[in-house]
Structure formats: structure tokens, C-alpha cells
K.L.:
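The structure follows.
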Amino acid sequence: MKVLGIETSSKICSVAILEDKNLIKKIELNNGLTHSETLMPLIKQILEETNLTLSQMDLLVCDIGPGSFTGIRIGVATVKAFSDSLDIPAVGISSLEGLAYSIKTNGIICSMIDCKNDNCYYAVYQLENSQYTLLESPKADSVENCLTFLNYKYTNSTITFVGDACEVYKDKIETGSSNFILSDNVSLETVDVYALGIAGVTKYTQLGEDKNLLPLYLKKPQAQRQLEGKNMIIENMNITDIENLDISDFDDFWNMDILKDELTSETSQFICAKLENKLVGFAGIKIILDEADIMNIAVKIDYRRQGIATLLLNHILTICKEKGIKTIHLEVNEENFSAISLYQKFGFEECGRRKQYYDNKYDAILMKK
């Protein structure tokens, strides 16, 4: 069984190809959090260097988090697109499980990932006779609470810690208990895509494919948490809302004349997001009988990755439900991984493609719900 593994939860973007649980080739690129630009070229490179094609893969494995929200969405969206288009089974593995699979010594393992401000993501596993068993499900908590819990529940057990939190909170872990030990392999601060692949093969063998592959969110993105509590409102949008709108704040968008026409059309409905009475995003639908087309979901460049698009889409779906809409359509650039992931999260599925629709280069993915 040939396996393609994709790891995008950290600043390192990595891919690997396995034959069952044996590594054929692995490529890693530490180029910062620019996975939307680097992932596809890495996949192309590893396939060329191994003289393989995507269609020859028998299983796809990706990291579902926790970690970089954007990176995780890119990895999951890519695997889902490959899986749907080529009918290849796929499984998702948490970053914490991937870290645990890097430890080869029998005993209890605590995978711990730093999530800033003395907080962490953690999960506990036990390795015995080459079998990894989940003891404590992934969760987010303070480092102090995590260590106190582990010291109480596993009083007489040696626990090996792995993950980037081992370096950040080294002193706290070492003084937390004489039974706490740190992995001595610094390369295990981030998930090894090879270990991720092995975990994926094991999961697929035992449970089959993930029919509903989604990112694992243990807490809301920091930007979205910052957004909550501010004076954010979603309301109907009209022509007066765009009188002082600078269209350059939105890239890859229609011109202003088209927007004005749609705002005054009887078959269109637009909503907008206002933060402290300032328009920061909007979305529109075209309604024809019992069907609707999402024409656009646009968020100002400076306000992206704060959950605004999610709020707009959720509101659009509520409107459609109230109006008795049975089917909702949209199209999205195949390179817009974050948008694809968002739509999939809300239940949209690919139903077709328009070849080289964007800039005579990129396909438009047609989706419906």
C-alpha cells in the first residue's frame, strides 16, 4: 500500500511517501507559514523524484491539528480535494498522536504543544508491544493544570514528554515530578511526517477511512477570540454602505459598478459585517426559485483570519434556510485553500470544475450544499 503523508501544522511543511509503514522518501521545507505556496510544489517534487503519480496512492494522510489554523486547513483541504477527485481513501491524524508515534520506548507518553501564555495542547498515550493506546484525549489547558493532572493520575508512572512545549516549559516539566522526563531528541519538537504516515496506516487498517475529515479545533483561533466582545454586527447591506468604500481594500473582486447593480437587484440579497460601525466584510447571494448562488464573500485584507468570513457564511446559510432554499451553489479558485476548507466545513461538496477559469490558469471548483 502506497501512502502520501502531508504535514502542515507547524512552520515546517513536509510530505512523505510510504510503502505500508516503510519510508520511500521524505521532503521537509522550513519556509515559515507559507504552506499555501509550498505544499503543492513539494507534492509535485516528491512524486517526480519517486517516479510515482497521485493516482498510484492507496491512502492519503494529513495532520488535523492542533497547530497553525491556516496550515491545518490547507493540508486538510488539499487531501480532501485529492481524495474526492481521485477516489482515494484519506485519514486524519492529530499532531499529538503524530508526536507520540515518534517515541519508540515502551511506557506513557505525553505529547505537548505550546499554545502561548503558559497554555498548551496535550494528550496522553501508552506504547506497549508496538501498539499506541490513547489514554487521555487531546485538550487545551494551562501547563500548570496539565502537569498537576498528570502527576495526580499517573503518580507511579514515568511519563516521557514530546513536542515543542518541552523546550518552552522545560523547567516546569522537570520540576513537576521526578517521574517526568523530556524526550532527548530535539528533532521531535515538531511532527515527523513519517511518523504521521505510520499512524495513518495504523488507523486506516483498524478503522477504515475518515468519511468526515475535518480539522481538530481544541480552541478558537486567537484572532477570532480577539474579535469576540467587540461591537461586531451582521446586517443587511444596501447602496449607502458602499458610498465611501475603497474597493482596493478587497483584492480579486468585481468592480464597483457590478456591486452596485447587484445591491439594487430584486433577486439578490447582501449582508455586511461591521466592526465598531465600520464595514469590514460582506457577502451576497442570487436567488432563483428554490436555489441560491453565493456570489461573493469578501473580507477586508487587514481583517482576515479573524472569523469574519465564517460569520458571514453562517448568516447566509440562515437566510437561505428561512427562505426555503433547497440547494446552494458557489465557485471558488482551486488555489484558495482557506476558502475551500471553510466551505467544506459547512457541508459544501465539489460537483464540477471550470478548467482554467481564473486567469486562464487555475480551475474554478464548483460546489453545492
Side-chain angles (χ1 to χ4, degrees), residues 1-28 30 46 59-67 91-114 120-139 146-147 150-151 153-170 173-174 176-207 216:
M1 177 171 62
K2 289 185 172 57
V3 182
L4 173 64
I6 294 174
E7 160 52 33
T8 56
S9 69
S10 69
K11 62 184 179 180
I12 299 176
C13 184
S14 53
V15 295
I17 292 180
L18 292 72
E19 180 71 49
D20 296 322
K21 294 184 179 181
N22 299 311
L23 181 64
I24 296 177
K25 189 172 184 64
K26 176 174 69 174
I27 302 177
E28 298 176 327
N30 188 347
I46 198 169
L59 178 66
L60 305 172
V61 181
C62 67
D63 191 327
I64 59 173
V91 296
I93 298 296
S94 80
S95 309
L96 298 164
E97 186 173 1
L99 285 167
Y101 267 75
S102 296
I103 301 297
K104 303 303 181 183
T105 305
N106 282 348
I108 295 178
I109 304 163
C110 178
S111 301
M112 183 183 285
I113 296 174
D114 178 33
C120 67
Y121 304 114
Y122 77 95
V124 181
Y125 303 84
Q126 183 170 31
L127 173 59
E128 187 174 357
N129 298 325
S130 301
Q131 298 295 318
Y132 294 83
T133 303
L134 177 65
L135 300 181
E136 306 294 339
S137 298
K139 56 180 64 70
C146 168
L147 297 178
L150 295 177
N151 197 21
K153 187 165 183 179
Y154 302 98
T155 304
N156 298 317
S157 301
T158 298
I159 301 177
T160 300
F161 286 77
V162 61
D164 65 357
C166 293
E167 180 63 29
V168 179
Y169 304 111
K170 178 180 178 180
I173 294 172
E174 290 181 331
S177 170
S178 59
N179 292 326
F180 294 170
I181 61 174
L182 301 172
S183 168
D184 56 4
N185 190 340
V186 294
S187 67
L188 301 185
E189 289 186 6
T190 56
V191 179
D192 179 7
V193 67
Y194 175 36
L196 189 82
I198 295 175
V201 171
T202 302
K203 181 178 180 180
Y204 179 67
T205 302
Q206 295 174 349
L207 303 174
L216 172 66

K.L.:
Measure the CD1-OG1 distance between Ile181 and Thr160 for me, rounded to the nearest 0.5 Å.
P.N.:
3.5 Å
K.L.:
Got Val124 and Ile108 here, is their nearest side-chain heavy-atom distance under 4.5 Å?
P.N.:
yes
K.L.:
Please enumerate all residues that pass side-chain hydrogen bond (donor to acceptor under 3.5 Å, both in side chains) together with Glu136, with sequence neighbours excluded.
P.N.:
Lys153, Tyr154
K.L.:
Looking at Tyr194 and Lys21, what are the two nearest heavy atoms and their distance?
P.N.:
OH-O, 2.8 Å
K.L.:
State, with a plain yes or no, whether a side-chain heavy atom of Ile159 is found less than 4.5 Å away from one of Leu150.
P.N.:
yes
K.L.:
Where do Leu196 and Cys62 come nearest, in terms of heavy atoms and distance?
P.N.:
CD2-C, 3.9 Å
K.L.:
Which donor-acceptor pairs under 3.5 Å do side chains of residues 92-103 form with protein atoms, sequence neighbours excluded?
P.N.:
from	atom 1	to	atom 2	distance (Å)
Ser94	OG	Leu96	N	3.4
Ser94	OG	Glu97	N	3.0
Ser95	OG	Asp63	OD1	2.7
Ser95	OG	Asp63	OD2	3.0
Ser95	OG	Pro66	O	2.7

K.L.:
Identify, with sequence neighbours excluded, every residue that meets side chain to side chain contact (heavy atoms under 4.5 Å, CB included) alongside Gln131.
P.N.:
Gln206
K.L.:
Just so I know, are the side chains of Glu7 and Thr190 near enough to count as touching, which here means a heavy-atom distance under 4.5 Å?
P.N.:
no
K.L.:
Suppose we screen for side chain to side chain contact (heavy atoms under 4.5 Å, CB included). Which residues come up paired with Asn151, at least two apart in sequence or across chains?
P.N.:
Ser177, Phe180
K.L.:
With rounding to the nearest 0.5 Å, note down the distance linking CD1 in Ile198 to CG in Asn22.
P.N.:
8.0 Å
K.L.:
Apply side-chain contact (heavy atoms from CB on, under 4.5 Å) to the pair Glu128 and Thr133, showing each step before the final yes or no.
P.N.:
CA-CA 8 Å; Glu128 187 174 357; Thr133 303; over 6 Å; no
K.L.:
Taking atom CG of Asn30 and atom CD1 of Ile12, what is their separation to the nearest 0.5 Å?
P.N.:
5.0 Å
K.L.:
Any donor and acceptor pair, going by atom type alone, linking the side chain of Asn179 with main-chain N or O of Thr155 inside 3.5 Å?
P.N.:
yes
K.L.:
CG/Leu147 to SG/Cys110 distance, rounded to the nearest 0.5 angstrom?
P.N.:
7.5 Å
K.L.:
Could you report the tightest heavy-atom contact between Leu134 and Ser137, atom names first, then the distance?
P.N.:
CD2-OG, 3.9 Å
K.L.:
Can you list everything that forms a side-chain hydrogen bond (donor to acceptor under 3.5 Å, both in side chains) with Lys25? Sequence neighbours excluded, please.
P.N.:
Glu49
K.L.:
Indicate the atoms forming the closest heavy-atom contact of Asp192 with Glu28, along with that distance.
P.N.:
OD1-OE2, 4.4 Å
K.L.:
Taking only residues two or more places apart in sequence or in another chain, which ones pass side-chain hydrogen bond (donor to acceptor under 3.5 Å, both in side chains) with Glu19?
P.N.:
Lys2
K.L.:
Calculate, to the nearest 0.5 Å, the distance between atoms CD1 and CG belonging to Ile17 and Leu4 respectively.
P.N.:
6.0 Å
K.L.:
Are side-chain heavy atoms of Val193 and Lys26 found at a separation under 4.5 Å?
P.N.:
yes
K.L.:
Holding to ring pair (Phe, Tyr, Trp, His ring centres under 6.0 Å), I want the full list of residues that pass it with Tyr122, two or more places apart in sequence or in another chain.
P.N.:
none
K.L.:
Considering non-hydrogen atoms only, spot the tightest contact between Leu216 and Gly65 and give its length.
P.N.:
CD2-O, 3.7 Å
K.L.:
Which heavy-atom pair separates Ser9 from Val191 by the least distance, and what is that distance?
P.N.:
OG-CG2, 4.4 Å
K.L.:
My understanding is that only residues two or more places apart in sequence, or in another chain, count here; which of them pass side-chain hydrogen bond (donor to acceptor under 3.5 Å, both in side chains) with Lys139?
P.N.:
none
K.L.:
Which ring pair (Phe, Tyr, Trp, His ring centres under 6.0 Å) pairs, counting each pair once, include a residue from residues 7-28, with sequence neighbours left out?
P.N.:
none
K.L.:
Could you work out, with side chain to side chain contact (heavy atoms under 4.5 Å, CB included) as the rule, every residue matching Asp114, not counting sequence neighbours?
P.N.:
Lys116, Asp164, Ala165, Val168, Tyr169
K.L.:
Rounded to the nearest 0.5 Å, how far does CD1 of Ile109 lie from NZ of Lys104?
P.N.:
9.0 Å
